[in-house]
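What follows is a set of notes on a single structure, which appears directly below.
Remember, it's a predicted structure, so these values are computed and weren't measured experimentally.
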Amino acid sequence: MIKVVYSTQHWIMPQIVMGVLVILLAAVIITEGMARVKSGQPFLVKPGRFFIPEYDKLKFWGTLILFIGYIFTLDILGFTVTSIIFVFLFNLLYTGLERKKVIVSLIIAVVSSIILSVMFGVIFNITLPSGMCSVTFADFGFTIY
Amino acid sequence: MFDIGVLQILVTILGVVVGIIFGAIPGMTATMAVAVFLPMTYAYDLHTALYLLLGLYVGGITGGLVPAILINIPGTPSSITTTFDGYPMAKRGAGERALKIGIVSSFLGGMISLVALWLFTPLLSAAALKFSSVEKFLIILFALTVIAALSKGQMLRGVFNGFLGVLVSLMGMFSVNNSFRMVPSFLQSKMQEGFQLLPVLIGLFAIAQIFEEAEEGMRFKIEKVNDEMDSKEKFSFRDFKGQGVNVIRSAFVGTFMGVLPGVGGSAASILAYAQAKNFSKHPELLGTGVPEGIVASETSNNGLTGGALIPLLSLGIPGDSTTAVLISAFMLQGIQVGPLFITQNPETWNTILVALLLCNIVMFLCMFYPIKWISKIIYIPRQRLYPVIIMICIVGAYATKNGRIFDVWTLLAFGLVGYIFGKIHLPASCFLIGFILGKDLENYFIQSVSASKGSLMVFFTRPIGWVIWLLIAASIAYAIIDNRNTKKREQQKQA
């Protein structure tokens, strides 16, 4: 029997699902532990390393930091300018700082940001984050975000 | 009857070509293509959007064969088995022939699954019309157990992650009594509807991948291959002589695997390849570079496309992660997929069939003749593409609810969640299916139990319910046996 009471019924399903998850978690730990015991290992083993050996610290953490920076800046500077800056930085992060590569990165950042901004914001009329650098052309009825 | 015009044909071509590019670049998938381009469809009506999305889907699945054959790296997971015979053929200089065999097989697989879609969806819908909330609840439960059956050797982890997806989908406000659960009070204004599907999905399938590759240092350099494309062996349609049974069997394996929720193309092509080997007159030749292997693999993974749409349109349950994205396209346009879909939206239903037909034809034309140029796609450096993809993902997430930064944070959060899933071996696709079905699971459960005044017996008293219970039991039994066999095989391999 399950009593469906109006004021508390929003907790019925979450509680059941949590119960199921606890059971499943126990099942995972027990079956995998037993399998280890069978193959001569201890029931519980220390979890392996999280990152792969000699992972690329700069690119991984750089991606995370740039991503967070990108989101924070969107509302301040507006979509187009923020994207030019961060697509450029992502390109530098992934391809390096050689002179030729920097120039390519800059071209990609400017061209792709402007194309996408115009395509989504103007042609498709999708709302993009706006900020200080967004310009509205009231006479023509469109905004470069 | 159905919608088709110049615009629709143009977006189909765009979709197919972009799909092929995504499919052909190793590491980028059809799911990613559809997810990343979904925001483009905000500007279109549903029918035009469907041409674009189905084009991306078909193109993405097919594009995977190019690197599979030329450089032995499957472009999408579903092309794994294409490498078995495709690459040996390319190595002996028959690359172009192998590619063309793959393209024709893909086309045939797509067409056969289209017929299956056309025939079976109305049947399944008609059956599902008789479903009350009890059966609907059980069907979703069934979908969640099928996930288990197919998470090869990872059964429990698959189900666990499926239910974790259900739990996360319940975060937010319950629609009946408007009360929040599992949401900290400072987020309540933003999370009335919980997390939005689109940012969750793009996060899990696109952003997570970028983090993974960043960790590995994005050091991919693909060696240029030249002699593989020498046409020492010419393609001819006679290559398909004697392959009729193989084509039809593989297409149906693909379609059937597509119907089962949560099963990716890789499971379909592996099964089809194994069947082709079992029934082959000369099984020892498979894996050495014979057309038979490519035919089995490519027919089945394109067979998946139509198959995965069957449960989506008749039951509202996505067959794979790509069709899960399609669900959100329907949601955005305010159309409910499920048993009533075909009767209520006959024009959309016809349009889907025509669009899928057109996509397959366009795919064939865009790949078969210009294959020499298409094969250059595999050299596009991903390092240059990822920043642009991040930008498109942000646009998509931001526009989900007409412009909220919160959804962009959701995107990043689930990117990290997906990345961690990969680390602790929890299948992200299971999580996604659970996340999509979670709210319905709850609604049907509460409806059923309310109607029965709290008695759980209601789930065991209806005959259709029994059938579904039987299916649930069968899929769990299959899961346990298959899980054991897979683990045994793995242990034997290690020993």
- Query: Got A/Val28 and B/Arg157 here, is their nearest side-chain heavy-atom distance under 4.5 Å?
  - Reply: yes
- Query: By a 4.5 Å heavy-atom criterion (distance strictly below it), what part of A/Leu116 contacts chain B: side chain, backbone, both, or neither?
  - Reply: side chain
- Query: Is B/Met391 close to A/Tyr70 at the side-chain level, that is, under 4.5 Å between some pair of heavy atoms?
  - Reply: yes
- Query: Between A/Ile68 and chain B, which part of the residue has a heavy atom less than 4.5 Å away: side chain, backbone, both or neither?
  - Reply: both
- Under 4.5 Å from a heavy atom of chain B, the part of A/Ser112 involved: both
- Give the minimum heavy-atom separation between B/Gln383 and A/Tyr94, together with the two atoms involved. O-CD1, 3.7 Å
- Can you say whether A/Ser105 sits under 4.5 Å from chain B via the side chain, the backbone, both, or neither, judging by heavy atoms? both
- Checking heavy atoms, do the side chain of A/Lys101, its backbone, both or neither come under 4.5 Å from chain B? both
- Query: Around atom CZ of A/Phe72, are there more than 12 heavy atoms of other residues, nucleotides or ligands at under 6.0 Å?
  - Reply: no
- Item | Interchain contact, B/Met182 with chain A, by part (heavy-atom threshold 4.5 Å) | both
- Task: Heavy-atom pairs under 4.5 Å with chain A are the metric here; pick the option from B/Ile424, B/Val408, B/Leu167 that has the most.
- Result: B/Leu167
- Query: Is there side-chain contact between B/Val388 and A/Phe90, with at least one heavy-atom pair below 4.5 Å?
  - Reply: no
- Query: CD1 of B/Ile392 to CE of A/Met119: how many Å apart, nearest 0.5 Å?
  - Reply: 6.5 Å
- Query: Minimum heavy-atom separation for B/Gly217 to A/Lys59, with atom names?
  - Reply: O-NZ, 3.1 Å
- Under 4.5 Å to a heavy atom of chain A? For B/Tyr419 that would be side chain
- Under 4.5 Å to a heavy atom of chain B? For A/Phe88 that would be neither
- Message: On a heavy-atom basis, which atom in A/Phe60 and which in B/Phe211 lie closest, and how many Å separate them?
- Response: CD1-O, 3.6 Å
- Task: Measure distances from A/Ile52 to the heavy atoms of chain B and classify the residue's part below 4.5 Å as side chain, backbone, both or neither.
- Result: both
- Query: Do B/Tyr398 and A/Tyr145 have their ring centres less than 6.0 Å from each other?
  - Reply: no
- Ranking A/Leu93, A/Leu74, A/Val20, A/Leu64 by heavy-atom pairs under 4.5 Å to chain B gives rank one to A/Leu64
- Item | Largest heavy-atom contact set with chain A, pairs under 4.5 Å, which of B/Leu411, B/Ile210, B/Ile405, B/Asn177 | B/Asn177
- Message: If we define contacts as heavy-atom pairs under 4.5 Å, which of A/Gly121, A/Pro14, A/Ala27, A/Gly62 has the most with chain B?
- Response: A/Pro14
- Would you say A/Leu24 and B/Leu164 make side-chain contact, with heavy atoms under 4.5 Å? no
- Relative to chain A, which of B/Trp409, B/Phe174, B/Tyr44 shows the most heavy atom pairs under 4.5 Å? B/Trp409
- Query: For chain B, which of A/Thr127, A/Leu21, A/Thr63 has the most heavy-atom pairs under 4.5 Å?
  - Reply: A/Leu21
- If one checks every heavy atom of A/Ser113 against chain B at 4.5 Å, the contacting part turns out to be both
- Task: Between chain A and each of B/Met171, B/Lys453, B/Arg181, B/Arg384, count heavy-atom pairs under 4.5 Å; write down the option with the most.
- Result: B/Arg384
- Checking heavy atoms, do the side chain of A/Leu25, its backbone, both or neither come under 4.5 Å from chain B? both
- Message: Tell me which of these, B/Leu441, B/Ile207, B/Leu412, has more heavy-atom pairs under 4.5 Å with chain A than the rest.
- Response: B/Leu412
- Message: How about CE on A/Met34, more than 12 heavy atoms from neighbouring residues, nucleotides or ligands closer than 6.0 Å, or not?
- Response: no
- Message: If you count heavy-atom pairs within less than 4.5 Å of chain B, which of A/Glu54, A/Met13, A/Lys57, A/His10 leads?
- Response: A/His10
- Message: Does any backbone or side-chain atom of B/Phe445 lie under 4.5 Å from a heavy atom of chain A? Answer side chain, backbone, both or neither.
- Response: side chain
- Message: Out of B/Ser175, B/Ser179, B/Gly403, return the one with the most heavy atom pairs under 4.5 angstrom to chain A.
- Response: B/Ser179
- Message: I'd like to check A/Asp56 versus B/Glu216 (side-chain heavy atoms, cut-off strictly below 4.5 Å). Are they in contact?
- Response: no
- Item | Residues, nucleotides or ligands: over 12 heavy atoms within 6.0 Å of B/Lys190 NZ | no
- If you round to the nearest 0.5 Å, how far is CZ of A/Phe67 from CD1 of B/Ile394? 4.5 Å
- For B/Lys423 and A/Phe51, the nearest pair of non-hydrogen atoms, with its separation, is NZ-CA, 3.9 Å
- If one checks every heavy atom of A/Ile12 against chain B at 4.5 Å, the contacting part turns out to be side chain
